[in-house]
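Written out below as structure tokens is the structure these notes cover.
Keep in mind that what you see is a predicted model, and the values were worked out from it rather than measured.
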Amino acid sequence: MWTPPNRILAARVAGQFGLLTRAQALRGGVTAKALECHLSSGRWIRVHSGVYLTTPGRDDWDVRSTAAVLWAGSGAALARASAGYAWGLVRAEPPVLDVVIPASRMMESQASVTVSRSRYARVRIDAHAWPHRVGAAHTVFDLAGGRSLDRAVTLAARAVDLRLCSTQELVEALSDRPRQPGRRLLLEVLGDVAGGSESAAEVR
């Protein structure tokens, strides 16, 4: 088992579920030669270009989602179904990870990670959650887009029930999304969610 050369790097590895980027490793005191040795010996596994798993054998949601965000780089975050799963708003783990990056950057998707660009990426990300993800309120509306009102109400009520966000935060998020499908009805319904309704059936 690989032992990080210092406590700072050890804390980073632990916080990233055993993952390190090439830049993090080099800044943390791992030489380029040692890094290549770790990879060639199998002590480290290359998950994505420039992203390595220092604890081979682990392959779960935390590792895959964190690796995707690290690979996507500055300003990247889980989005849509991936953010929804990370927040606990959806129960099924998405087969392909969704990551959003700032519109100022260019990056190609790959088989396991779909990359989208958004000019709202930085302002809608919850940087306190790890791995970084679009905030819960905006995730509700990302998941509800193009779906039925029932779906939107269910997601909103679930987010409030889980204390991921408040009804006011949902209203504020919706106010920043003038093109959200069914926006007017959603604003009306959010008042009912605030009153304790947990489903579209209750609202009706």
Side-chain angles (χ1 to χ4, degrees), residues 1-102 105-118 121-122 124-136 138-139 142-143 159 162-165:
M1 182 178 177
W2 176 69
T3 301
N6 55 67
R7 288 182 294 177
I8 294 176
L9 194 61
R12 183 178 292 278
V13 170
Q16 295 180 169
F17 309 106
L19 293 159
L20 274 180
T21 66
R22 180 179 179 84
Q24 289 171 345
L26 295 176
R27 286 198 303 267
V30 179
T31 66
K33 182 177 181 180
L35 191 154
E36 293 305 322
C37 181
H38 292 323
L39 290 170
S40 62
S41 67
R43 287 193 293 270
W44 290 12
I45 300 295
R46 183 180 283 104
V47 184
H48 297 294
S49 176
V51 180
Y52 316 118
L53 180 61
T54 65
T55 54
R58 181 171 180 178
D59 181 23
D60 54 33
W61 164 259
D62 288 331
V63 168
R64 291 192 296 273
S65 58
T66 301
V69 170
L70 290 174
W71 167 73
S74 177
L78 300 175
R80 293 178 294 281
S82 295
Y85 183 78
W87 284 121
L89 291 171
V90 296
R91 295 181 176 85
E93 181 179 329
V96 176
L97 286 154
D98 287 306
V99 172
V100 63
I101 61 174
R105 296 181 54 215
M106 295 291 292
M107 193 169 199
E108 295 292 328
S109 298
Q110 59 178 27
S112 61
V113 184
T114 298
V115 179
S116 60
R117 299 164 61 229
S118 172
R122 293 191 185 277
R124 291 182 179 176
I125 288 173
D126 187 329
H128 299 292
W130 183 251
H132 298 321
R133 65 200 69 159
V134 172
H138 281 290
T139 296
D142 285 340
L143 295 174
L162 292 173
R163 298 185 179 182
L164 301 175
C165 59

Atom [atom1] of [X] and atom [atom2] of [Y]: how far apart are they, to the nearest 0.5 Å?
X    : Y    : atom1 : atom2 : value
Q110 : L97  : CD    : CG    : 9.5 Å
R117 : M106 : CZ    : CE    : 5.0 Å
T54  : Q16  : OG1   : CD    : 9.5 Å
L20  : L53  : CG    : CG    : 9.5 Å
L39  : I45  : CG    : CD1   : 8.0 Å
Q24  : L9   : CD    : CG    : 8.0 Å

For [X] against [Y], the heavy-atom pair lying closest together:
X    : Y    : result
G75  : P102 : O-CD, 3.6 Å
R43  : C37  : NH2-SG, 3.6 Å
S112 : V96  : O-CG1, 3.6 Å
L26  : A32  : CD2-N, 3.7 Å
H132 : V69  : O-CG2, 4.0 Å
G42  : P56  : O-CG, 3.5 Å

Show which side-chain atoms of residues 79-90 pair as donor or acceptor with protein atoms under 3.5 Å away, not counting sequence neighbours.
| residue | atom | partner | partner atom | Å |
| --- | --- | --- | --- | --- |
| R80 | NH1 | S116 | OG | 3.3 |
| R80 | NH2 | S116 | OG | 3.1 |
| S82 | OG | D98 | N | 2.8 |
| W87 | NE1 | V134 | O | 2.8 |

**Report entry** Heavy atoms from other residues, nucleotides or ligands near CD1 of I8 exceed 12 (cutoff 6.0 Å)
**Finding:**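 Check fails, neighbour count at 12 or below.
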Query - Qualifying residues under ring-ring contact (aromatic ring centres under 6.0 Å, His included), relative to H38, sequence neighbours excluded - result: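 H38: ring-ring contact (aromatic ring centres under 6.0 Å, His included) contacts with W2, W44.
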Requested in this report: May I have the step-by-step check of side chain to side chain contact (heavy atoms under 4.5 Å, CB included) for V99 and M107, ending in yes or no?
Outcome: CA-CA 11 Å; V99 172; M107 193 169 199; over 6 Å; no
Requested in this report: Carefully, step by step, assess D60 and F17 under the rule side chain to side chain contact (heavy atoms under 4.5 Å, CB included).
Outcome: CA-CA 10 Å; D60 54 33; F17 309 106; 5.8 Å; no
Query raised in the report: How about T66 and W130: do any of their side-chain heavy atoms sit closer than 4.5 Å?
Result: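 The answer is yes, as the side chains (C-beta and beyond) meet within the 4.5 Å cut-off.
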Report task. Evaluate the side-chain proximity of E108 to V115: yes if any heavy-atom separation is below 4.5 Å, no if none is. Result ->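 A side-chain contact under 4.5 Å is absent here.
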Report task. Taking side chain to side chain donor-acceptor pair (under 3.5 Å) as the test, write out the residues that go with R46, two or more places apart. Result ->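 R46 satisfies side chain to side chain donor-acceptor pair (under 3.5 Å) with no other residue.
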Say whether, by atom type as modelled, one donor and one acceptor occur between the side chain of [X] and the main chain of [Y] under 3.5 angstrom.
X    : Y    : result
R105 : S74  : yes
R133 : P131 : yes
R124 : G135 : no

